[in-house]
Amino acid sequence: MAGEGVCQHDELLLECSPWAEETGFERPDAVKRLAATTRTGRNPLAAKGKSAQVVKKLSQEAAEQLSASFPGPLLLPKDELNWDPDYPPQSCRSWLIEPARNKLTPERKTLYIAAPPVVTPGVSFMDAWTQPTTVPASELHEIDPPSTDDSLQYLSAFYHGLPVNMFPQSLRFVPWTEPSRHTKPGGGHGYVGLACNDVCTRIRTRETPDKKFKRQLNLNDLLDAAIEMLPNDAYSIIMLMNFDMYEDDDDDFCCGRAYGGSRVSIVSSARYHPSLDVDEGIDYDHMWPASHCKTFADSLCAIEGLEPREHIISIYETQYSPIQQAVEAARKSQIPSSAKDRSGLWFSRVARTLAHELGHCFGMDHCIYFACSMQGTSGIAEDVRQPPYLCPVCLEKVAHAIACEFQERDQTGKEEYVKERYKAIAEFCEIWKHVDLFASYSAWIQARLQQLPD
Ligand SMILES: [Zn+2]
Ligand SMILES: [Zn+2]
């Protein structure tokens with residue numbers, strides 16, 4: 001059964017696109033990737049008496065096997081690694097010994113999620129700031145924004161084994177009364193206050209440079225407020241925001257950020273609104289997992305004058321694998337057009353970014369080893385091409401933190417944990433299978449589980 005409009009191309013790209021070479025990006029090779037998944041930093045295939053040559057050959061074979069479950073980072077033109085090809089990798093070992101990494105303890109284990117702050121009457125002018133300026137109001141009202149409860153359920157599955165709770169206090173935007181030189185004459189809105197209990201934090205706002213929203217909020221100020229609210233038993237807190245955000249003068253906008261060491265993070269849903277997708281140039285045919293379509297990657301490389309290459313393809317029809325199953329699931333779907341579909345699409349993007357930002361609170365840096373939920377991103381178009389799952393390196397970090405350090409399980413227990421976690425996420429995806437990302441994620445997990453030993 002074929003869907004309408006969704007990618008029907010037959011070849012998948014399981015390595016970096018040819019563009020990677022142009023940028024100077026050097027993906028860690030098979031030997032280094034395997035070594036990056038272990039706590040010791042040693043390649044598990046290296047044993048006494050094996051020559052480097054043999055280890056290399058075995059690693060390459062293992063990497064080839066793994067690539068249909070965990071393809072490489074695509075690295076298409078204008079992707080994050082395009083701008084920063086020398087970004088350092090964070091192996092499991094370097095994550096483990098990172099001094100700034102916070103560990104879970106029985107006293108400090110809860111992940112809190114805070115619902116978007118309420119706009120109080122004193123700052124009712126802010127209501128207009130959440131609406132994209134380019135979209136008719138009638139269209140906006142049809143599409144439900146991502147719900148905090150759904151987000152909580154997703155994070156509970158993604159960080160399986162940890163309590164995820166609603167932050168109990170309600171957050172409020174209030175007028176910021178201190179006189180300020182930023183306040184424009186005639187009642188400009190340079191600052192607003194973010195109140196939680198009796199603490200109020202000053203939040204800078206500015207006009208949105210690209211005019212997609214009227215104004216946006218400074219995310220550093222919002223994160224400072226989050227630090228103030230961190231409950232004693234919190235491992236971390238993540239704030240949902242329905243306002244557009246910015247970090248500093250150099251950026252147009254920012255969808256999410258974490259201060260990992262301070263265990264606070266924030267995600268804005270504003271830019272993920274599906275009604276902005278046309279402006280962002282989002283290709284609905286080639287969001288993850290169809291982002292790994294070779295024809296698609298070649299077409300983006302061709303814009304930069306690059307010829308397609310032959311040696312990096314896999315014809316997926318021939319093989320049962322997680323990526324192939326995920327693409328099959330995506331092919332059965334339709335381009336999201338109803339209000340319900342578009343709400344689901346919106347939520348799926350926010351969910352992925354929530355898991356990513358919380359990952360920084362676990363001490364995880366951006367991932368360059370594989371296509372991965374922890375990859376850095378240069379914008380919405382790249383965001384939607386990235387997978388929701390954790391690659392083997394990042395999964396090892398989460399499994400070690402939760403199963404070993406927190407639950408005190410051994411190696412076997414950790415392997416059990418990985419399967420339990422996959423099953424918890426699959427259960428979530430089953431409920432959300434009307435949304436493409438989750439349908440594909442579920443198919444990917446089912447195939448991946450079959451590869452893991454019983
Ligand atoms: Zn990040
Ligand atoms: Zn990763």
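Order of appearance sets the numbers: ligands from 1, and atoms from 1 within every ligand.
To the nearest 10 degrees, the angle centred on the Zn ion (ligand 2) between SG in Cys372 and SG in Cys394 reads 100°. At the Zn ion (ligand 2), the angle from SG in Cys367 to SG in Cys391 is 110° when rounded to 10°.
No donor-acceptor contact under 3.5 angstrom links the side chains of Arg204 and Gln216, judged on distance only.
Listed by chain and number, the residues in a salt bridge (Lys or Arg N to Asp or Glu O under 4.0 Å) with Glu61 are Lys57 (sequence neighbours excluded).
Near the Zn ion (ligand 1), less than 2.8 Å away, sit the protein N, O or S atoms His356 NE2, His360 NE2, His366 NE2.
Both tests hold for Arg202 against Tyr191: distance to the six-membered ring centre under 6.0 Å, angle to the ring axis within 45°. Figure legend: Arg421 and Phe158 shown as a cation-pi pair, the cationic atom lying under 6.0 angstrom from the six-membered ring centre and within 45 degrees of its axis.
Listed by first and then second residue, the side-chain hydrogen bond (donor to acceptor under 3.5 Å, both in side chains) pairs involving residues 224-240 are Tyr112-Asp233 (not counting sequence neighbours).
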Show which side-chain atoms of residues 367-375 pair as donor or acceptor with protein atoms under 3.5 Å away, not counting sequence neighbours.
from, atom 1, to, atom 2, distance (Å)
Tyr369, OH, Ser91, N, 3.3
Gln375, OE1, Cys372, N, 3.0

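Although no hydrogens or angles enter the test, the distance criterion places no donor-acceptor pair under 3.5 Å between the side chain of Ser17 and the main chain of Ala297.
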